[in-house]
Protein chains: 2
Amino acid sequence: MFASLTHTQIRKPLLHEEIVARLRTLIFHGELLPDVRVPEKDLCQRFGISRTPLREALKVLASEGLITLLPNRGARVTRLTPADAEELFPIMGALEALSGELACLRASDSDIAEIRALHYQMALHHARVEHHQYSQLNQAIHRKIMETARNPSLTSVYDGLEGRVRRVRYLANSSRQRWNEAMFEHEAILRALEDRDGEQLAVLLKSHLMSKLGAVKRALGSISYSSECL
Amino acid sequence: MFASLTHTQIRKPLLHEEIVARLRTLIFHGELLPDVRVPEKDLCQRFGISRTPLREALKVLASEGLITLLPNRGARVTRLTPADAEELFPIMGALEALSGELACLRASDSDIAEIRALHYQMALHHARVEHHQYSQLNQAIHRKIMETARNPSLTSVYDGLEGRVRRVRYLANSSRQRWNEAMFEHEAILRALEDRDGEQLAVLLKSHLMSKLGAVKRALGSISYSSECL
DNA sequence: AACTATCATTTTGCATACAAAATGCAATAA
DNA sequence: TTATTGCATTTTGTATGCAAAATGATAGTT
């Protein structure tokens, strides 16, 4: 009895899990900046907890690469160097390519219809030069393809990497020309998916990521390094 | 001064890092079996430490997927289900494919010579039906290709996944026929590398991994599940 | 002035202590 | 017998305390 009702059990959220989540959002929102030392005591006071669960949370984030732990010298948000970006984007490209292949194998007609809808909504925001909404839909499309691949391990590996480059994503479409290119690439991506041409979709997604890497690198070059990003 | 000498600093090894490493080897050596509960106190006594660093180590291993942490119910080694294998092998295939592409771009002649040497040594052990030595060299080849790709992030993501499937690897070449096939595939892999044909090498490495998945699945099917593996 | 040396302070790493939750078992009821 | 309840024990989650290492400021030396 209670078969279907109570199987989704209610769990009191564990403190260190809470802390992992809250630290992640702090990092993503730029409230914790790269390379600045954050004493454990400060974070403890901020969250109103003791050091034990905080330290457990830091270990988890460190093993994700989001923060760096220097022995006896505290934790700091990992600074993403151009070299890191150059390593990470090809990996993400390979994983997105795989997601595309699997998605072509497994997508239902309604999956594709959903992605098509997202695509045309995105195209609209592109035409209206609405960066933020465009960006949201762009991410939604890639997430939906990833989800359609129905490989949770793939998703979680990808998300781990995505978190590390999150703060430079917005640099990708900073030039108008690159933005137009990206939109063009997305047209081809949609077509490959509609044709369920997995091989083609894989190639497109991979090169899409590599173009993005190029754009990010150019943008990084022009902000001359010292400033607050990365 | 001391520019080059002391930059590789001598660090007193931190306890929780030690513990992460030791737990990993315990798991790989099969001394900690999947799904059996291991109370923290037992592990503490085994290592002669307190619970704090142990718990920090467990958090790290959990975020790698090697162990599973159930809230208030302890830690246990993650059991690799056939479904997990089916998710993980394609990911590893995509990553190995990328390693092959990059290796072709970056390999020096001596890198290739080294891999060739490993290959022919492996062929010798194959001919002599020496499973263990064959297996060692097989791994060495794949590691060397990965290393030649010169992408440390790629290596570390790959290693993380590799750790999770480690205990089923040895099932891959359990049938003689599969073993011959694998050797045949390796001939083609070596040739593509010698030709520095990155695209071809990527395809070969990927399908090599997928064949391995097939072999592992068949082997898993025939051992009827209950026994100690996975 | 620049470079060391010294020492108080801060911060980290680990051990211990205590509270809440889960587990196991015996006693009871159906 | 089979379930179920209640309680003692074990185990986990978090807080605190203590020792070692790092940091920072001051004083002394060249």
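For the 3.5 Å distance criterion, the side chains of A:Glu56 and A:His16 qualify, holding a donor opposite an acceptor. Side-chain polar atoms of A:Asp111 and A:Ser108 form a donor-acceptor pair below 3.5 angstrom.
The CG atom of B:Leu161 sits 9.5 Å away from atom OG of B:Ser156, with the distance rounded to the nearest 0.5 Å. B:Thr78 contributes atom OG1, which lies 8.5 Å from atom CG of B:Asp84 (distance to the nearest 0.5 angstrom).
Using a cut-off of 4.0 Å between Lys/Arg side-chain N and Asp/Glu carboxylate O, A:Glu31 and A:Arg46 are scored as salt-bridged.
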(message) Please encode protein proximity along nucleotides 7-16 of chain C as a string of B, S and -, counting only heavy-atom distances under 4.0 Å.
(response) ----SBBSBB
